[in-house]
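Here, residue 1 is the first one in the sequence, and each next residue gets the next number. A quick note: this is a predicted structure, and the numbers were derived from the prediction, not measured. The analysis underlying the following values was restricted to heavy atoms, covering all of them including side chains, and did not include hydrogens, waters or symmetry mates.
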Amino acid sequence: MRIDIMTLFPDMCEAVMGESILGRARKKGALEVHCHQIRDYTDNKQKQVDDYPYGGGLGMVMYAQPIDACFRAVCEQTGERPHLVYLTPQGQVLTQQRAKELAGLPNLCLLCGHYEGVDERVVEALVDEQISIGDYVLTGGELPALVLADCIARLTPGVLSEEACFTEESHFSGLLEYPQYTRPAVWEGREVPAELLSGHHANIDRWRREQSLLRTRRQRPDMLERAEREGRLSEKDREFLKLNPLD
């Protein structure tokens, strides 16, 4: 998969995308990431990328011209038009399901806004989708773009060691993940559940499923309700929940 990030702070994006799991995935060719400085594509001598908004008001608005020129350059490099996502608080809130769908695309381009955002004509002419990472406002679109890129990249084949690394995690299956433990078996008087030490894989799998159900009902009942509506719960799951009501 190829991800292009259009930003005013490419070094910030490179620093994150070059580290840890994503950095290793890039080095071995499982993931391709390119960060583009929007300022390099402006047609004014001062390299200015923003101006005061028409109609007055606080803040600055990013010009359409350098964003358009930068995106055209990305299209030339990829040989096709990538799906362009604008990171903005006004977008649809990111979900694991949407991340899975975007991970299936060969090319994805992320636009990082700044100041009061971008000229609305950019959204009208170029943007395919607007995404938010939550109902709050940040100083720029770089952090949301990096969150989205990380969320999508880790679903790309070859980035994680095994598919199970993400298929068993919270949200992927519609439930929260079960509790995890490591050594020692007893810490400060607290013991690892006996089921996990039994070596009986069927019992371990069932324990994990039950704990996932209990945790989701306790912490995110809305997710459990959605899982029920979508047919993700088995008869065995329903019977377990009925026999184990909330305290």
Interatomic spacing from CG in Asp4 to SG in Cys13 - rounded to 0.5 Å: 11.5 Å

Set out, in order, the CA-CA distance, both residues' side-chain angles and the distance that settles side-chain contact (heavy atoms from CB on, under 4.5 Å) for Asn107 and Ile3, then state yes or no. CA-CA 6 Å; Asn107 295 304; Ile3 299 176; over 6 Å; no

Residue that, paired with Tyr63, satisfies side-chain hydrogen bond (donor to acceptor under 3.5 Å, both in side chains) out of Asp119, Asp50, Asp51: Asp51

Cluster overlap Leu138 with Val118, hydrophobic side-chain contacts below 4.5 Å: yes

Which atom names give the shortest non-hydrogen contact between Pro184 and Val192, and what distance separates them? O-CG2, 4.0 Å

What's the spacing between Cys112 SG and Met12 CE if we round to 0.5 Å? 8.5 Å

Compare every heavy atom of Cys151 with every heavy atom of Leu155, then report the nearest pair and how far apart it is. CG-O, 3.5 Å

Between Lys242 and Asp237, is a salt bridge (charged side-chain N to carboxylate O under 4.0 Å, His left out) present by the stated rule, with each step listed? CA-CA 9 Å; Lys242 187 184 298 183; Asp237 292 337; over 6 Å; no

For Tyr54, look at atom OH and say whether over 12 heavy atoms of other residues, nucleotides or ligands are found less than 6.0 Å away. no

Side-chain heavy-atom pair Ser132, Pro144 within 4.5 angstrom cut-off: no

CD (Glu142) and CG (Leu110) are apart, to the nearest 0.5 Å, by 11.0 Å

Is there a donor-acceptor pair under 3.5 Å between the side chain of Thr78 and the backbone N or O of Val74? yes

Shortest non-hydrogen contact between Pro53 and Gly57, atoms and distance: CG-O, 4.1 Å

Verdict with supporting geometry, Val127 and Val85, side-chain contact (heavy atoms from CB on, under 4.5 Å): CA-CA 6 Å; Val127 172; Val85 176; over 6 Å; no

CZ of Arg121: more than 12 outside heavy atoms within 6.0 angstrom? no

Check Glu239 with Lys236, please: is the shortest side-chain N to carboxylate O separation under 4.0 Å? no

State whether the side chain of Lys28 and the backbone N or O of Val159 hold a donor-acceptor pair below 3.5 Å, judged by distance alone. no

Check this for me, if you would: do Glu76 and Arg72 make a salt bridge, where the nitrogen-to-carboxylate-oxygen distance has to be below 4.0 angstrom? no

Lys/Arg N to Asp/Glu carboxylate O, Asp205 vs Arg209, below 4.0 Å: no

Take atom CG in Asp135; do more than 12 heavy atoms of anything else shown fall under 6.0 Å from it? no

Do Leu176 and Leu196 land in one hydrophobic cluster if side-chain heavy atoms of ILVMFWY residues count as linked below 4.5 Å? no

Apply side-chain contact (heavy atoms from CB on, under 4.5 Å) to Val33 and Leu22, showing your working. CA-CA 9 Å; Val33 179; Leu22 300 185; over 6 Å; no

Okay, side chain of Arg217, backbone of Leu241: is any donor-acceptor separation there less than 3.5 Å? yes

Any carboxylate oxygen within less than 4.0 angstrom of a Lys/Arg side-chain nitrogen, looking at Glu230 and Arg232? yes

Does any donor atom in the side chain of Gln77 or His34 lie under 3.5 Å from an acceptor atom in the other side chain? no

Salt bridge or not for Arg26 and Glu14, using N-O below 4.0 Å? yes

Count I, L, V, M, F, W, Y as connected when their side-chain heavy atoms are under 4.5 Å apart, and connections chain through other members. Are Leu126 and Tyr86 then in the same cluster? yes

Return the CG to CG distance between Leu87 and Leu143, rounded to the nearest 0.5 Å. 10.0 Å

Could you check whether any side-chain heavy atom of Arg154 comes within less than 4.5 Å of a side-chain heavy atom of Ile21, counting everything from C-beta outward? no

Tell me whether Thr7 contacts the main-chain N or O of Phe9 through its side chain, where contact means a donor paired with an acceptor under 3.5 Å. yes

So, the side chain of Thr42 versus the backbone of Pro66: is there a donor-acceptor pair under 3.5 Å, distance only? no

If we only count heavy atoms from C-beta on, is the Leu102 to Leu148 side-chain gap below 4.5 Å? yes

With hydrophobic residues grouped by side-chain heavy-atom distances under 4.5 Å, do Val123 and Val93 end up in a single group? no

Should we say atom CG of Leu58 is surrounded by more than 12 heavy atoms from elsewhere, each under 6.0 Å from it? no

Heavy-atom closest contact (Glu195 atom, Trp207 atom, distance): CD-CD1, 3.5 Å

Check whether Gln37 reaches the backbone of Arg39 with its side chain - one donor and one acceptor, N or O, closer than 3.5 Å. yes

Any donor-acceptor N/O pair, Arg2 side chain to Pro106 backbone, under 3.5 Å: no

To the nearest 0.5 angstrom, please state how far the SG atom of Cys109 sits from the CG atom of Leu84. 5.0 Å

Expected output: side-chain Arg215 to main-chain Glu177 donor-acceptor under 3.5 Å: yes

Does Gln65 use its side chain to pair, donor to acceptor, with the backbone of Asp43 at less than 3.5 Å? yes

Backbone N or O of Met1 within a donor-acceptor pair of the Thr156 side chain at under 3.5 Å? no

Shortest non-hydrogen separation from Ala73 to Tyr41 and the atoms involved: CB-CE2, 3.5 Å

So does Arg238 pair up with Glu228, basic N to acidic O under 4.0 Å? yes

Within a 6.0 Å radius of atom OH on Tyr181, are there more than 12 heavy atoms belonging to other residues, nucleotides or ligands? yes

Is it true that Val61 and Met6 fall in one hydrophobic cluster, defined by side-chain heavy atoms closer than 4.5 Å? no

Would you say Phe71 and His36 make side-chain contact, with heavy atoms under 4.5 Å? no

Any idea which heavy atoms bring Ile204 and Ser198 closest together, and the distance? CG1-OG, 4.2 Å

To the nearest 0.5 Å, atom OG1 of Thr88 lies from atom CD1 of Ile133 at 11.5 Å

Verdict with reasoning, Phe240 to Leu214, per side-chain contact (heavy atoms from CB on, under 4.5 Å): CA-CA 9 Å; Phe240 172 78; Leu214 292 176; 3.6 Å; yes

